[in-house]
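Input: a single structure, listed below in structure tokens.
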Amino acid sequence: MSSPIPEHHRDVTGGWLRPAVFGAMDGLVSNFALMAGVAGGTAAATDGGRGAVVLAGLAGLAAGAFSMAAGEYTSVASQAELAEQEFENERIELSRNPEMEAKELASIWVARGVDQELAEQMAAQLGRNPEAALEVHAREEIGLAPGELPNPWVAAASSFASFVVGALIPVLPYVFGATTLVWSLVLSL
């Protein structure tokens, strides 16, 4: 028996990259905007409002990071629940009407260029293994397969961590003594 061909593609369905990029950009932009507002409002203070700006920046960092994580968790969990329901619907259809499902799968393959007879043979053979049939039907009809759904905890953690990193960038100059927004703007850009 031959071993499967090793995969050489990165996992693009893991659910971490999109929330990480979104979290970092949201943290950077929203926290810089918050700090700019506080800096403008406290510019007349003797220290240029440095303490207030740092406090606002850290408060914005915490509030935004938790908000992003909760939102990301909820959205990914909702998407996964909907997909799981679709998988269950497909599982029911496969058990109730396997012949029709085999014809449906064969027609998909024929549309992609597989000969009709071969497509029907492949669909019939695949139908002998209900879990394999579910995986192929789901992938062909829904675009996902069971076990490929993003993890809401991974998405939430990624979003939280990247928001913290993004939101920390405009705060750093003030933490190290800056009293003007210019350094935060430069670092944020």
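All heavy atoms count here, side chains included; hydrogens, waters and symmetry mates do not. This structure is a prediction, so every number in the text was calculated from the model and none was measured.
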Is there a path of hydrophobic side-chain contacts, each under 4.5 Å between heavy atoms of I, L, V, M, F, W or Y residues, that connects [X] with [Y]?
X: Phe176; Y: Val182; answer: no
X: Val136; Y: Leu144; answer: no
X: Leu55; Y: Val53; answer: no
X: Phe32; Y: Leu189; answer: yes
X: Leu118; Y: Val110; answer: no

Side chain to side chain contact (heavy atoms under 4.5 Å, CB included) against [X], all qualifying residues, sequence neighbours excluded:
X: Ala138; value: Phe87, Ile142, Pro146
X: Ala161; value: none
X: Ala132; value: Leu126, Asn129

- Asn89 and Gln85: side-chain hydrogen bond (donor to acceptor under 3.5 Å, both in side chains), yes or no, with the steps? CA-CA 6 Å; Asn89 292 344; Gln85 184 58 54; 3.0 Å; yes
Partners passing salt bridge (Lys or Arg N to Asp or Glu O under 4.0 Å) against [X] (at least two apart in sequence or in another chain):
X: Arg112; answer: Glu140
X: Glu90; answer: none
X: Glu117; answer: none
X: Glu86; answer: none

Determine all donor-acceptor pairs shorter than 3.5 Å in which one atom belongs to a side chain in residues 96-107; sequence neighbours excluded.
from, atom 1, to, atom 2, distance (Å)
Asn97, OD1, Met100, N, 3.3
Glu101, OE1, His137, ND1, 3.4
Ser107, OG, Glu104, O, 2.7

- Message: Nearest 0.5 Å, please: how far is CG in Leu58 from OH in Tyr174?
- Response: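 Tyr174 atom OH to Leu58 atom CG measures 13.0 Å (nearest 0.5 Å).
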In a table with atom names and distances, give each donor-acceptor pair under 3.5 Å that connects a side chain of residues 162-173 to protein atoms at least two apart or in another chain.
from, atom 1, to, atom 2, distance (Å)
Ser162, OG, Ala20, O, 2.9
Ser162, OG, Ala24, N, 3.4
Ser162, OG, Ser158, O, 2.9
Ser162, OG, Ser159, O, 3.3

- Message: Starting from Leu94 and following side-chain heavy-atom contacts under 4.5 Å between hydrophobic residues (I, L, V, M, F, W, Y), which residues can be reached?
- Response: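 Under the 4.5 Å side-chain rule, Leu94 groups with Leu134.
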- Got a sec, which hydrophobics cluster with Trp153, joining ILVMFWY side chains under 4.5 Å apart, including via others?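 Tyr73, which link up through side-chain heavy atoms under 4.5 Å apart, make up the rest of the cluster.
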- Answer yes or no: does atom CD of Gln121 have more than 12 heavy-atom neighbours from other residues, nucleotides or ligands under 6.0 Å?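 Buried by this count: over 12 neighbours within 6.0 Å.
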- So do the side chains of Met68 and Phe160 get within less than 4.5 Å of each other, counting heavy atoms only?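 A side-chain contact under 4.5 Å is absent here.
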Show the nearest heavy-atom pair for residues [X] and [Y], with the distance to one decimal.
X: Val76; Y: Ala155; answer: CG2-CB, 3.7 Å
X: Gly60; Y: Leu34; answer: CA-CD2, 3.6 Å
X: Ala77; Y: Pro152; answer: N-CB, 3.8 Å

- Sequence neighbours excluded, which residues qualify as ring-ring contact (aromatic ring centres under 6.0 Å, His included) partners of Trp183?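 Counting only residues at least two positions away or on another chain, Trp183 forms no ring-ring contact (aromatic ring centres under 6.0 Å, His included).
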- Query: Just by modelled atom types, is the Glu72 backbone N or O under 3.5 Å from a matching donor or acceptor in the Ser75 side chain?
  - Reply: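 Looks like yes, one N/O pair under 3.5 Å.
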- Query: Under 3.5 Å, side chain of Arg50 to main-chain N/O of Thr180, donor-acceptor pair present?
  - Reply: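 Pair absent, no side-chain N/O of Arg50 close to backbone of Thr180.
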- Message: For a side-chain contact (heavy atoms from CB on, under 4.5 Å) check, start with the C-alpha distance between Glu141 and Ile108, then their side-chain angles and the critical distance, and finish with the verdict.
- Response: CA-CA 9 Å; Glu141 296 173 29; Ile108 291 170; 4.2 Å; yes
- Item | Full working for side-chain hydrogen bond (donor to acceptor under 3.5 Å, both in side chains) between Glu120 and Gln116 | CA-CA 6 Å; Glu120 290 172 0; Gln116 179 76 37; 2.6 Å; yes
- Determine, stepwise, if the pair Arg91 / Glu131 fulfils side-chain contact (heavy atoms from CB on, under 4.5 Å). CA-CA 8 Å; Arg91 187 177 281 114; Glu131 286 306 308; 3.8 Å; yes
